[in-house]
Structures are given as C-alpha cells and as structure tokens.
Q: 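My questions all concern the structure below.
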Amino acid sequence: MNKFYKFLTCPKCGRKYPINEPVNLCVCGGPLLAKLNVSGNPPLKESSIDDIDSMWRYGKLLPVENEKAKVTLGEGWTPLNAYQELGDELGIENLYLKDESVNPTGSFKDRGMSMAITRAKELGITKVALPSAGNAGVSAAAYSHSAGIECAVFMPDDTPSSFTDSCIEYGAHVELIKGDISDAAAAMTEILRDGWFNLSTLKEPYRIEGKKTMGYELAEQMDWQLPDVVIYPTGGGTGMIGMWKAFQELESFGWIGNKKPKMVSVQSEGCAPIVRAFEDGKTDAEFWQNADTKALGLRVPSAVGDFLILGAIRESGGIAIAVSEQEIDEGVNLTRKHSGIDPAPEAGAAVIAVKNLLKNRFLTGSEKVVVFITGSGEKYGML
C-alpha cells in the first residue's frame with residue numbers, strides 16, 4: 001500500500017478500518033474514506049507527479065498496492081480552457097470549463113471507476129454491483145470488463161436505452177427497476193446474494209479517490225493557484241467531496257496556500273435535497289420525494305455523503321442552488337453554441353447556474369470561475 005495510507009476512517013464516528021480488506025460502510029452507517037497521512041514528511045511535486053496524460057499521473061498519491069496493477073482506459077487529464085464568449089454571455093469575465101466529457105465512456109465517472117475497480121482487483125473481488133442512473137453504470141461495466149470482474153447494474157426503468165445498451169455491450173448484467181435510483185438501490189439489496197461487492201456511491205472507499213484527481217488536476221493546470229469559485233452539478237456528490245478532499249491534501253503537502261475556492265453545488269428544482277438542507281441550515285439532507293429531472297445524474301433523492309457535501313460548501317464559503325428544467329435546456333444550448341462542447345444536462349445546469357449566482361449577488365462577475373462539464377450529452381437523446 002502507498003506509504004501515505006495506513007487505514008480507512010469514518011468521518012462520522014472516527015472508527016478506523018484496515019485498508020487492505022474489502023469493506024463498505026462503517027458500522028455507524030457512515031462512508032469510509034482513505035485517510036492520507038504525510039506524517040511531517042510531505043511528498044514533493046517533482047517526485048510525485050508522473051509525465052502521463054491520465055489521472056494516474058498522481059498514482060503515487062493514490063491508495064493502491066501496486067500502480068502497475070491499475071485498471072485504466074486513459075481517464076483523466078481532461079482539458080481546462082477559458083471560454084470568453086460563453087463568459088460574456090453569462091456575465092463572467094474569467095470563465096473556465098473543465099471538460100470531463102472526453103473521458104473514455106463520456107463522463108467523470110471513469111475516474112472513480114478506474115480507482116475502485118483497481119482496488120477491487122487488488123483485493124480479490126470478483127463481482128461488483130451498483131445502482132445507476134446512467135453514466136456510472138456504463139463506466140462500471142467498462143472498467144469491470146477490462147479487469148475481468150463480473151458486473152451487475154440496477155437502473156431505473158426510464159433510463160435511456162443508450163445507457164442500458166452500453167452496459168450490456170460491456171458484458172454487464174442489467175436490471176431495470178420501476179422508480180428512481182433509490183428504488184434501484186433497494187432492489188439490488190433485495191435481489192443480490194452473498195459474493196457481490198457493493199460499488200454504490202460512497203458505499204465503498206475508492207471511487208472518491210479517483211474523483212479527487214479532478215482537484216489535483218485543476219490545481220496543476222492553474223499553476224497551483226486555485227480559482228475563486230468551483231461550480232459543480234451535484235447528485236451523489238463524490239465529485240464535490242473528492243475535490244474538497246484534494247484541496248485539503250494539497251494544502252497539507254504545501255503545494256498550495258490556504259486559499260481554496262468557494263464550492264457551489266448545483267441541483268435541479270425537481271430534485272434538490274442538498275439545496276433545501278443548505279437553505280434550512282441543516283447538516284443532513286432529508287429524502288426528496290417524487291424526484292423528477294431530465295438531468296438523470298441529479299435525480300438522487302438521498303446522498304450517503306450529504307453531510308460531507310454540505311460541510312464542503314459551508315467550510316468553503318460556497319452555496320447550493322437549484323435551477324429549473326427550462327434553465328437546464330438553456331445551459332446546454334449556450335454551452336454548445338459558445339464552446340463547441342456537447343454537455344450532459346447536469347453540466348447544462350451548472351453552466352446556467354452562473355446567471356442565477358450573479359442575480360443573487362453571490363458572484364460579482366470578476367471572479368475566476370471554473371464550471372465542470374461532468375459528461376457528454378451524446379447518450380441522453382432528449383435535448
């Protein structure tokens with residue numbers, strides 16, 4: 001195991017777990033995180049970053065036994081570019097898009113699955129299962145196929161066939177369940193028996209480790225000077241939590257100063273549990289009844305890491321904001337027009353949120369703002 005990782009820890013109750021055993025949640029129900037400890041001897045940039053164009057350039061900083069055993073399809077090291085025309089349209093002087101749609105299966109999910117399947121392979125896991133609204137399932141199927149691991153994906157029955165077909169093409173077992181991703185998760189628990197490892201969002205410790213490389217990359221691509229604001233569409237929230245974890249780690253290394261970006265969580269008005277909890281001053285989010293949005297990745301009524309998402313927002317001085325379905329369409333169309341990127345609806349929500357953040361004066365227009373394009377619109381076929 002990487003020398004910086006000694007154990008897994010629960011951020012809710014503080015319990016520790018061995019890092020070289022398959023494990024899901026803490027006994028208290030909290031998610032487990034790979035605890036990084038530099039022990040007064042922080043890693044040096046020049047010896048810690050490899051010259052490869054994938055997230056595995058940071059392999060020496062990730063919790064793996066043997067970097068040569070990694071399961072990779074070339075994920076990560078995605079473009080970060082300024083888009084002045086789109087910025088002018090939205091009212092922001094310095095707007096950057098971090099384009100995760102160019103990942104192997106078309107979304108940021110590939111980072112988490114590369115890391116999670118690598119660890120599953122190292123730990124001798126042969127069968128994995130997860131509920132998914134689309135992209136995570138496709139990614140899990142692809143990386144499991146590459147690793148020779150059996151994969152089962154439980155999806156809402158209204159998931160576009162492009163997602164389900166892709167899962168099947170990669171050899172995954174697909175079960176369609178009436179309802180949303182929470183119903184799919186419940187069905188998975190009922191149907192699957194012993195031998196299957198739960199790969200659900202934050203119900204295993206390693207998807208978040210892959211997602212945090214977005215934060216590492218953002219820092220490196222901006223010459224170790226983080227932006228003022230990061231805007232991120234939030235469903236299960238591992239991207240938001242992972243980046244905040246990355247920024248804290250980079251500060252502990254001494255690679256960045258103590259100034260970190262304000263984290264903005266964007267959801268749909270049709271499913272906004274984090275926004276409601278933020279506005280109500282709560283530390284946990286209540287289940288969102290009758291979730292409904294075209295942004296399938298945002299149709300997450302309950303997130304295991306809700307308290308971590310809310311913690312990152314508040315600690316950073318950020319905000320949670322919801323946008324309408326019509327605004328999501330507008331965000332998608334503006335992004336296509338002014339950047340040439342075909343964004344998923346989740347990314348359209350994040351882009352159009354900039355306008356609302358200016359209206360409510362959270363933004364002045366002069367900040368350096370990074371919006372994450374979390375996936376491609378190719379598979380949605382709805383806009």
Q: Using every non-hydrogen atom in the two residues, find where S132 and G134 come nearest and quote the distance to one decimal.
A: OG-N, 2.9 Å
Q: Other residues, nucleotides and ligands only: do more than 12 of their heavy atoms fall within 6.0 Å of NZ on K262?
A: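 Result for NZ/K262: open.
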Q: Where is the tightest heavy-atom contact between V351 and G331, given as atom of each residue plus distance?
A: CG1-O, 4.2 Å
Q: Are S139 and D110 close enough that a side-chain donor and a side-chain acceptor fall under 3.5 Å?
A: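 Their side chains do contain a donor-acceptor pair, which is all the 3.5 Å distance test asks for.
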Q: Within 45° of the ring axis of F7 and under 6.0 Å from its six-membered ring centre, is that where the NZ or CZ of K16 lies?
A: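 Yes, K16 and F7 form such a contact.
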Q: Which heavy atom of I274 sits nearest a heavy atom of A285, and at what distance?
A: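 Closest approach of I274 to A285, heavy atoms only: CD1-CB, 4.2 Å.
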Q: Check the side chains of S324 and E269 for a donor-acceptor pair under 3.5 angstrom, ignoring hydrogens and angles.
A: no
Q: Contact between E65 and R119 at the side-chain level, heavy atoms closer than 4.5 Å - yes or no?
A: yes
Q: So, applying side chain to side chain donor-acceptor pair (under 3.5 Å) with S114, which one of Y206, W56, Y143 is it?
A: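 Of Y206, W56, Y143, side chain to side chain donor-acceptor pair (under 3.5 Å) with S114 is met by W56 alone.
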Q: Does the plane of the ring in Y216 sit parallel, tilted or perpendicular to the ring in F253? Use 30° and 60° as the thresholds.
A: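 Taking F253 first and then Y216, their aromatic rings sit tilted (interplane angle of 30° to 60°).
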Q: Sort out for me which residue in R111, R57, K211 forms a salt bridge (charged side-chain N to carboxylate O under 4.0 Å, His left out) with E217.
A: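 When salt bridge (charged side-chain N to carboxylate O under 4.0 Å, His left out) is applied between E217 and each of R111, R57, K211, only R111 qualifies.
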Q: State yes or no: do L32 and I309 share one hydrophobic cluster built from I, L, V, M, F, W and Y residues joined by side-chain heavy-atom distances below 4.5 Å, directly or via other members?
A: yes
Q: How many angstroms lie between CG in L36 and CZ in F4, if you round to the nearest 0.5 Å?
A: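 It is 7.0 Å, given to the nearest 0.5 Å.
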Q: For Y380 and E346, run side-chain hydrogen bond (donor to acceptor under 3.5 Å, both in side chains): C-alpha distance rounded to whole Å, both residues' side-chain angles, the deciding distance at 0.1 Å, then the answer.
A: CA-CA 11 Å; Y380 286 79; E346 298 85 1; 2.8 Å; yes
Q: Determine whether a donor-acceptor pair (N or O, by modelled atom type, separation under 3.5 Å) exists between the side chain of S316 and the backbone of M263.
A: yes
Q: Please verify the inter-ring angle class for H145 with Y170; under 30° counts as parallel, over 60° as perpendicular, anything in between as tilted.
A: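 Plane angle between 30° and 60°, so tilted.
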Q: Under 3.5 Å, is there a donor-acceptor pair between the E325 and T293 side chains?
A: yes
Q: Specify the closest pair of heavy atoms between M115 and V64, including all atoms of both residues, with the distance to one decimal.
A: CE-CG1, 3.4 Å
Q: Should the heavy atoms of other residues, nucleotides or ligands under 6.0 Å from NZ of K203 be counted, would the total exceed 12?
A: no
Q: Relative to each other, are the rings of W224 and W255 parallel, tilted or perpendicular (30° and 60° limits)?
A: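 The arrangement is perpendicular - the two ring planes meet at more than 60°.
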Q: Same hydrophobic cluster for I181 and M113, using side-chain heavy-atom links shorter than 4.5 Å among ILVMFWY?
A: no
Q: Let me confirm one number: the CG-CG distance from D292 to D180, rounded to the nearest 0.5 Å.
A: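 Here the interatomic distance stands at 10.0 Å.
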Q: Check for me, please, whether Y96 and L226 land in the same ILVMFWY cluster - side-chain distances under 4.5 Å, paths through other members count.
A: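 Yes; L226 is reachable from Y96 via cluster members.
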Q: Decide yes or no on side-chain contact (heavy atoms from CB on, under 4.5 Å) for F154 and I191, but give the supporting numbers first.
A: CA-CA 10 Å; F154 288 71; I191 293 172; 3.7 Å; yes
Q: When clusters are formed by joining ILVMFWY residues with side-chain heavy atoms under 4.5 Å apart, either directly or through shared neighbours, do V371 and V264 land in the same one?
A: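 Yes; tracing contacts between hydrophobic side chains, which count when under 4.5 Å, links both residues.
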Q: Tell me the closest heavy-atom pair linking V370 and M222, and the distance in Å.
A: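 Between these two residues, the closest heavy atoms are CG2-SD, 4.1 Å.
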Q: Heavy atoms only: give me the nearest A277-L310 pair and the separation to one decimal.
A: CB-CD1, 3.8 Å
Q: Between the side chains of Q225 and K368, does any donor sit under 3.5 Å from an acceptor?
A: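 There is no such pair between these side chains.
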Q: Apply salt bridge (charged side-chain N to carboxylate O under 4.0 Å, His left out) to residues E89 and K337 and explain how you reach the verdict.
A: CA-CA 11 Å; E89 178 75 26; K337 178 180 179 181; 5.5 Å; no
